[in-house]
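Report on one structure; see the data block that follows.
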Amino acid sequence: IIHAGDMQNELAKLKTKQKDSSKKYFRKNFDNSNIENVNQFSENIFHNVPTKGALFYFDPNTISTDRWRKLGLRDKTITTIQHFIAKGGKFRQPEDIKKIWGLHEDEVQRLIPYVKIEAAVSIPETVKQFDVYKKYEQKRSFDKIDINLADTNTWIRLPGIGSKLSNRIISFREKLGGFYRIDQVAETFGLPDSVFQKIRPNLIADDKNIKLIHINTASEDELKQHPYIRYKLANQLVQYRNQHGNFSAISDIKKIMTVTEELYNKLSPYLTAQ
């Protein structure tokens with residue numbers, strides 16, 4: 001027979017054992033070594049979280065802080081890169097970004113395909129002083145190009161001219177029917193005057209093959225395609241022709257009130273009445 005008092009004592013001992021057992025379990029499973037494992041596990045979890053950021057081609061030698069952030073880099077890592085470059089460091093090949101302290105391997109693999117390092121202009125080892133360098137630059141000056149014959153590749157060789165500007169220059173040239181003077185290149189949409197002044201000494205214009213518009217036979221649609229004529233003047237030229245007959249000379253277009261002397265001088269090289 002088990003008395004009530006004995007029963008209570010036994011229950012108390014059982015609770016004590018359970019409590020001790022839980023402590024042992026805690027100590028066994030969460031000693032120092034296991035805490036390190038947990039920390040490593042946590043680090044792995046956070047490390048493997050996909051990096052957020054856009055992907056685009058970039059040059060690590062010239063990219064701005066904001067663009068690094070768009071790629072998904074942390075500010076601390078960006079600061080490390082800036083210090084590296086400020087001290088004269090250079091990224092010479094895409095794989096060099098592996099050397100960035102704090103840039104994880106998964107980030108490296110994500111970014112490498114988008115690294116595009118622009119080739120620097122090689123300067124002879126003997127070129128040390130600035131005045132000597134200027135003479136070197138002058139010596140390697142660009143060849144002159146014919147603005148009516150140059151293709152996109154030829155234009156791109158000039159300083160400050162990229163593929164977009166070269167295409168715009170050629171498109172404008174085609175709409176005009178050719179350039180009869182060099183300054184017309186400056187009228188290209190989006191071409192900075194500073195760039196034009198820089199390339200001007202390298203330009204020549206051969207106007208032998210200027211495409212002419214016959215003002216007595218050209219339709220209104222044909223006339224208005226020219227950048228110097230457009231719709232209003234095209235309509236006036238056709239109306240005048242219908243009312244007064246054919247133009248006997250190009251100078252007859254000055255009888256139209258909207259044709260100023262400046263516009264006539266600008267437009268006349270593209271017209272013929274013969």
Side-chain angles (χ1 to χ4, degrees), residues 56-57 118 137-138 140-274:
F56 49 84
Y57 292 107
E118 295 182 6
E137 283 293 294
Q138 292 170 357
R140 62 180 291 272
S141 61
F142 300 92
D143 294 332
K144 292 185 180 297
I145 68 169
D146 188 327
I147 57 178
N148 284 318
L149 298 176
D151 58 14
T152 54
N153 291 329
T154 304
W155 281 107
I156 289 173
R157 294 194 193 105
L158 295 177
I161 303 295
S163 58
K164 186 176 291 186
L165 276 176
S166 65
N167 283 318
R168 284 179 181 174
I169 292 170
I170 291 175
S171 176
F172 182 52
R173 181 181 71 191
E174 291 175 349
K175 289 177 181 178
L176 285 172
F179 297 117
Y180 62 82
R181 58 187 177 86
I182 292 173
D183 287 344
Q184 286 179 284
V185 175
E187 299 173 23
T188 303
F189 174 74
L191 177 63
D193 183 64
S194 58
V195 174
F196 173 70
Q197 296 303 330
K198 186 183 294 185
I199 67 174
R200 197 182 193 288
N202 302 102
L203 308 180
I204 58 174
D206 184 348
D207 60 358
K208 293 179 182 178
N209 296 313
I210 294 294
K211 183 180 179 181
L212 300 177
I213 301 173
H214 201 303
I215 55 176
N216 288 321
T217 59
S219 67
E220 184 176 326
D221 285 338
E222 291 172 334
L223 290 167
K224 70 182 181 182
Q225 295 302 316
H226 196 280
Y228 294 165
I229 299 177
R230 295 305 186 189
Y231 176 78
K232 184 177 180 180
L233 182 55
N235 180 262
Q236 292 172 336
L237 288 168
V238 172
Q239 291 298 325
Y240 184 92
R241 196 171 66 196
N242 290 338
Q243 294 174 17
H244 303 283
N246 288 344
F247 295 99
S248 58
I250 297 173
S251 58
D252 286 347
I253 70 170
K254 290 194 283 187
K255 296 176 182 179
I256 298 173
M257 292 184 62
T258 57
V259 179
T260 62
E261 190 68 26
E262 180 183 357
L263 177 58
Y264 174 77
N265 291 334
K266 191 175 182 179
L267 179 59
S268 57
Y270 294 103
L271 303 179
T272 180
Q274 304 301 320

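All residue numbers in this chain count up from 1 along the given sequence.
Residues L212 and L271 fail the side-chain proximity criterion, which asks for heavy atoms closer than 4.5 Å. L149 is not listed as a side-chain neighbour of D206, based on a closest heavy-atom distance of 4.5 Å or more. Between V185 and F196 the shortest side-chain heavy-atom distance falls below 4.5 Å.
For Y231, the OH atom is loosely surrounded, since the number of other residues' heavy atoms within 6.0 Å does not exceed 12. Residue D193 places its CG atom among more than 12 non-hydrogen atoms of other residues, nucleotides or ligands, all under 6.0 Å distant.
For Q225, there are no side-chain hydrogen bond (donor to acceptor under 3.5 Å, both in side chains) partners at least two apart in sequence or on another chain. Qualifying side-chain hydrogen bond (donor to acceptor under 3.5 Å, both in side chains) partners for D252, counting only residues two or more places apart in sequence or in other chains: S248. Listed by chain and number, the residues in a side chain to side chain contact (heavy atoms under 4.5 Å, CB included) with S171 are K175 (sequence neighbours excluded). Residues passing the side-chain hydrogen bond (donor to acceptor under 3.5 Å, both in side chains) test with D183, sequence neighbours excluded: R200. The salt bridge (Lys or Arg N to Asp or Glu O under 4.0 Å) check on E187 picks up R181, with sequence neighbours excluded. Listed by chain and residue number, nothing satisfies the salt bridge (Lys or Arg N to Asp or Glu O under 4.0 Å) test with E262 (two or more places apart in sequence, or in another chain).
Looking only at distances, a side-chain donor or acceptor of Y180 sits under 3.5 Å from a matching main-chain atom of K266. At least one donor-acceptor pair under 3.5 Å links the side chain of K144 to the backbone N or O of P201. At distances below 3.5 Å, at least one donor-acceptor pair connects side-chain atoms of Y270 with backbone N or O atoms of G178. Of the possible donor and acceptor atoms, none in the side chain of R168 sits under 3.5 Å from a partner among the backbone N and O of T188.
For the atom pair CG (L176) and OH (Y228), the distance works out to 5.0 Å, reported to the nearest 0.5 Å. Here CD1 of I169 is found 12.5 Å from CD of E174. Values are rounded to the nearest 0.5 Å.
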Q: Step by step, work out the side chain to side chain contact (heavy atoms under 4.5 Å, CB included) result for T152 and S163.
A: CA-CA 7 Å; T152 54; S163 58; over 6 Å; no
**Q.** Worked check of side chain to side chain contact (heavy atoms under 4.5 Å, CB included) between L237 and I253
**A.** CA-CA 7 Å; L237 288 168; I253 70 170; 3.9 Å; yes
Q. Hey, mind stepping through L233 and L267 against side chain to side chain contact (heavy atoms under 4.5 Å, CB included) and telling me if it holds?
A. CA-CA 11 Å; L233 182 55; L267 179 59; 4.0 Å; yes
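A tilted orientation is assigned to the rings of F179 and F172, their planes being inclined by 30° to 60°.
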